[in-house]
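Have a look at the structure below before the remarks.
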Amino acid sequence: MKILAVANQKGGVGKSTVCVGTAYAAVEAGKRVLLVDFDRQGSLSTSFPETGADDGTATTASQLFAEQATIRPEILAPGLAILRADDTLSMLSGVNQEGIKRPARYLRELAKDFDICIIDTPGVLGVNPPMTIAALVAADAVVCPFGVGLYESKALSDLWDYLRGVRANGYNPKLRLMGLIPSKVHTASREEMAALEQLREQFGNIILPLMLGERASVKQAIANRKPVWKGTRGAGHLKAAQEWKAATQYILTNLGVLK
Ligand SMILES: Nc1ncnc2c1ncn2[C@@H]1O[C@H](COP(=O)(O)OP(=O)(O)O)[C@@H](O)[C@H]1O
Ligand SMILES: [Mg+2]
């Protein structure tokens, strides 16, 4: 089982949407998917409502921080399960260094049942609250959607420095920093496209050769709980489908889940 963390210190940049899209793509490819929702806001959880396939004994995401627990993800379908966000996630601020490593341990115990685990994180870095750092400790790789703007350079540098620190400070020396994905890009805005060009020049291949445009069809697809590349209608929708296919295939291949 490969573990992917999706992170950024900002909210609203598309983290949860990237988690959902990557999950759909992995399921379509016949991979067994485990979702972990470490964001109290529960966007990932909302995107995958109960299906009735579970027997009701499932545990939630905050249990991954417990000293002793039996972790039982909620079964959504054969080969698809979730550890949902829960209220206790907002009360984990006291977790120590030991606790930060617990999710990694518990998730490894589930490794034989899944091909990929996707962890959604809240828009915070640091070590407190511990959800993001714990996801990064557990992960094989991290990918970061980001909003494009003239003032993003500092935030992206901070984000990348933090991720390098996670490796350098021994939290997870093997963490692969997959890269940054321009997300919710207003492709009709010349200023924004110029800003993206500038960021690409500055950050080089840290910014992945991908781009997710801000498109109404993405919101619609999320609301309808289906992949944006299914049943496309119109040019904008087709563009969105192409962008999301490319991004999710890139992520899954880079992670080693797809050949
Ligand atoms: N490419 C996109 N085009 C249009 N809307 C998007 C796109 N990506 C995300 N959104 C919307 O933007 C909002 C924030 O996205 P979300 O994934 O929840 O961000 P985060 O998890 O980083 O807070 C959501 O309403 C989502 O549906
Ligand atoms: Mg989110």
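For this chain, numbers begin at 1 and follow the sequence in order. Just follow the structure's listing: the first ligand is 1, and inside any ligand the first atom is 1.
Residue Gln41 does not count as close to the Mg ion (ligand 2), with no N, O or S atom under 2.8 Å.
For atom 23 (O) of ligand 1, the closest non-hydrogen atom of the protein is Gly12 N, 2.6 Å. Protein heavy atom nearest atom 19 (O) of ligand 1, with residue, atom name and distance: Gly14 N, 3.0 Å. Of all protein heavy atoms, the one closest to atom 8 (N) of ligand 1 is Lys184 CG, 3.5 Å. What sits closest to atom 18 (O) of ligand 1 on the protein, heavy atoms only, is Ser16 CB, 4.0 Å. In terms of protein heavy-atom proximity, atom 17 (O) of ligand 1 is closest to Thr17 OG1, 2.6 Å. Counting only heavy atoms of the protein, atom 27 (O) of ligand 1 lies nearest to Lys219 CG, 3.8 Å.
In terms of polar-atom proximity, Lys10 is not counted as a contact of ligand 1, lacking any N or O under 3.5 Å from an N or O of the ligand. On a distance-only criterion, Ser43 and ligand 1 share no N/O pair closer than 3.5 Å.
The 12-atom threshold is not exceeded at CD of Gln198, counting heavy atoms of other residues, nucleotides or ligands nearer than 6.0 Å.
Atom 4 (C) of ligand 1 is flagged as protein-proximal [any protein heavy atom, distance under 4.0 Å].
Rounding to the nearest 0.5 Å places CE of Met131 at 7.0 Å from OG of Ser93. Rounding to the nearest 0.5 Å gives a distance of 9.5 Å between CG of Leu180 and CG of Leu199.
Looking at heavy atoms from C-beta onward, Pro49 lies in side-chain contact with Arg225 at the 4.5 angstrom threshold. Using a 4.5 Å cut-off on side-chain heavy atoms (C-beta onward), Pro182 and Arg200 make contact. Inter-residue side-chain proximity for Val218 and Trp244 is flagged as met; some heavy-atom pair is nearer than 4.5 Å.
Residue Ile222 places no heavy atom under 4.0 Å from ligand 1.
Per-residue contacts place Gly213 under 4.0 angstrom from the following atoms of ligand 1 (heavy atoms of the residue considered): 1 (N), 2 (C), 3 (N). Using a 4.0 Å cut-off to heavy atoms of Gly11, the atoms of ligand 1 that qualify are 23 (O). Close contacts between ligand 1 and Val13 involve ligand atoms 19 (O), 20 (P), 22 (O) [criterion: under 4.0 Å to a heavy atom].
Applying side-chain hydrogen bond (donor to acceptor under 3.5 Å, both in side chains) to Arg215 and the options His186, Glu243, His237 leaves one that passes, Glu243.
Of the charged side-chain nitrogens involved, none lies within less than 4.0 Å of a carboxylate oxygen, so that Asp37 and Lys15 do not count as a salt-bridged pair.
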Practice task
Go through Arg72 and Asp55 one step at a time and tell me if the side-chain contact (heavy atoms from CB on, under 4.5 Å) criterion holds.
Solution key: CA-CA 11 Å; Arg72 262 238 333 110; Asp55 63 7; 2.8 Å; yes
